[in-house]
Amino acid sequence: MIVTLIIACEVGFWVLLAVGLALRYLARMPRTSAAVLLCEPLLEVVLLIVTAIDLRNGAEPDFKHGLAAVYIGFTATHGHYMIKWADGHAAHLLGRGPRPAKPPRFGTARAVHEWKMGARAIGAAVIAAGLLQAAIWYVGDASQVEPLRQWQTRMGFVIGISLIIALSYTVWPKQPKQGEQPKQREVEWAERGEQGGRGEQAEAADRPEAERSSPQRVALDPDVRK
């Protein structure tokens with residue numbers, strides 16, 4: 001049951017994401033889209049509650065309970081990142097925005113990117129380890145919680161590997177080969193950061209007033225329509 005629910009949560013995440021983006025860019029209903037996307041954390045809440053009920057009803061802690069905690073942890077730290085990634089690509093495919101910049105490949109910009117990705121993985125591992133510890137305390141029987149302890153050990157490995165990868169790009173930054181130059185979109189990523197730009201408000205502030213209020217822009221962008 002728990003494994004089935006984890007799969008259902010993952011499918012539900014992508015279904016809600018697709019519906020939210022469709023409402024935003026096809027139906028031009030940005031507020032409704034935001035409301036749909038805000039429902040996604042409820043999937044993890046349901047998974048957490050069902051897992052707790054399963055343990056309370058006497059189920060012996062095993063692999064699937066640990067997997068549920070790990071899934072919740074990684075969704076908590078990577079869910080918003082995935083939504084922004086999908087939103088950027090959807091906007092580009094539908095002609096509503098520029099092509100998202102690719103992650104930088106070289107130098108300090110690559111090291112910063114790796115630290116940000118590592119921080120997400122570490123945060124996920126910490127959340128998962130905390131949920132696992134809460135489950136261990138909840139069960140209370142040391143003879144039954146070994147599968148949960150094993151998952152905590154795995155999360156320790158995730159933290160260690162994430163730190164090693166990020167540190168390696170800091171100590172030994174990757175450099176372009178002789179004659180190779182970073183692509184323009186990688187330069188844009190390095191200049192603008194992982195969000196792919198300074199943000200919609202800052203970009204709007206830089207545009208001429210006539211462009212910001214033009215009928216064509218209002219017609220194309222539901223975010224600026226009143």
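Positions are given from 1, in the same order as the sequence printed here.
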d(I49 CD1, L42 CG) to nearest 0.5 Å is 9.5 Å
Tell me the closest heavy-atom pair linking A135 and L148, and the distance in Å. CB-CD1, 3.8 Å
So, Y169 and R110: side-chain donor and acceptor under 3.5 Å apart, yes or no? yes
Would you find a donor on one side and an acceptor on the other, under 3.5 Å apart, between the side chain of W151 and the backbone of V70? no
Hydrophobic clustering (ILVMFWY, side-chain heavy atoms < 4.5 Å, transitive) - are V158 and Y81 grouped together? no
Minimal heavy-atom distance between P104 and A109, with the atoms involved, is CG-O, 3.4 Å
Do M82 and W14 pass the side chain to side chain contact (heavy atoms under 4.5 Å, CB included) test, and can you show the C-alpha distance, the side-chain angles, and the key distance before you say yes or no? CA-CA 10 Å; M82 292 301 300; W14 291 104; 3.5 Å; yes
Which distance, rounded to the nearest 0.5 Å, do you find between the NZ of K102 and the NE2 of H113? 13.0 Å
Identified side-chain contact (heavy atoms from CB on, under 4.5 Å) partner of L16 from the options L37, L21, L43: L43
Common cluster, V15/L26, ILVMFWY with side-chain heavy-atom separation under 4.5 Å: yes
In terms of side-chain geometry, is the basic nitrogen of R24 or D87 positioned less than 4.0 Å from the acidic oxygen of its partner? yes
Do F13 and I2 sit in one hydrophobic cluster, given that two such residues count as connected whenever their side-chain heavy atoms are within less than 4.5 Å of each other, even indirectly? no
Reported CG-to-OG1 distance for the pair L23 and T32, which is rounded to 0.5 angstrom: 6.0 Å
Would you name the heavy atoms of V50 and M1 that are closest together and state the gap between them? CG1-CE, 3.7 Å
Hey, is the main chain of I165 close enough, under 3.5 Å, to the side chain of S168 for a donor-acceptor pair? yes
Any side-chain to backbone donor/acceptor pair from H65 onto D62? Under 3.5 Å, distance only. yes
F106 side chain near P173 side chain, heavy-atom distance below 4.5 Å: no
Is the side chain of T51 donor-acceptor paired with the backbone N or O of L47 at a distance under 3.5 Å, no angle test? yes
Would you check, one step at a time, whether the test side chain to side chain contact (heavy atoms under 4.5 Å, CB included) holds for Q150 with F63? CA-CA 9 Å; Q150 292 176 356; F63 180 88; over 6 Å; no
Got R149 and P147 here, is their nearest side-chain heavy-atom distance under 4.5 Å? no
Count I, L, V, M, F, W, Y as connected when their side-chain heavy atoms are under 4.5 Å apart, and connections chain through other members. Are L67 and V139 then in the same cluster? yes
Might you point out which heavy atoms bring G66 and L132 nearest each other, and give the distance in Å? CA-CD2, 3.6 Å
Quick one: do V11 and I6 end up in the same hydrophobic cluster if we chain Ile, Leu, Val, Met, Phe, Trp and Tyr together by side-chain heavy atoms under 4.5 Å apart? no
Linking directly or through intermediates, with side-chain heavy atoms under 4.5 Å: list the remaining ILVMFWY members grouped with I122, chain and number order. W115, V126, I159, L163, L167, V171, W172
Kindly compute the distance separating OG (S33) from CZ (R28), expressed to the nearest 0.5 Å. 14.0 Å
Which heavy atom of A91 sits nearest to which heavy atom of Y25, and what is that distance? CB-OH, 3.6 Å
Kindly give the heavy-atom pair with the smallest separation between L5 and V46, and that separation in Å. CD2-O, 4.4 Å
Gap separating the NE2 atom of H89 from the NE2 atom of H92, nearest 0.5 angstrom: 8.5 Å
Main-chain N/O of A129 paired to Q152 side chain as donor or acceptor, under 3.5 Å: yes
Among residues two or more places apart or on two chains, list those pairs meeting side chain to side chain donor-acceptor pair (under 3.5 Å) that have a residue in residues 37-50. none
Just do the side chain to side chain contact (heavy atoms under 4.5 Å, CB included) check on R120 and F74 with the steps written out, would you? CA-CA 8 Å; R120 290 189 181 95; F74 276 82; over 6 Å; no
Value rounded to 0.5 Å, distance of NZ in K64 from OG1 in T4: 10.5 Å
Please report the C-alpha distance between V145 and W137 in whole Å, then the side-chain angles of each, then the deciding distance to 0.1 Å, and finally whether the side chain to side chain contact (heavy atoms under 4.5 Å, CB included) criterion is met. CA-CA 9 Å; V145 298; W137 289 333; over 6 Å; no
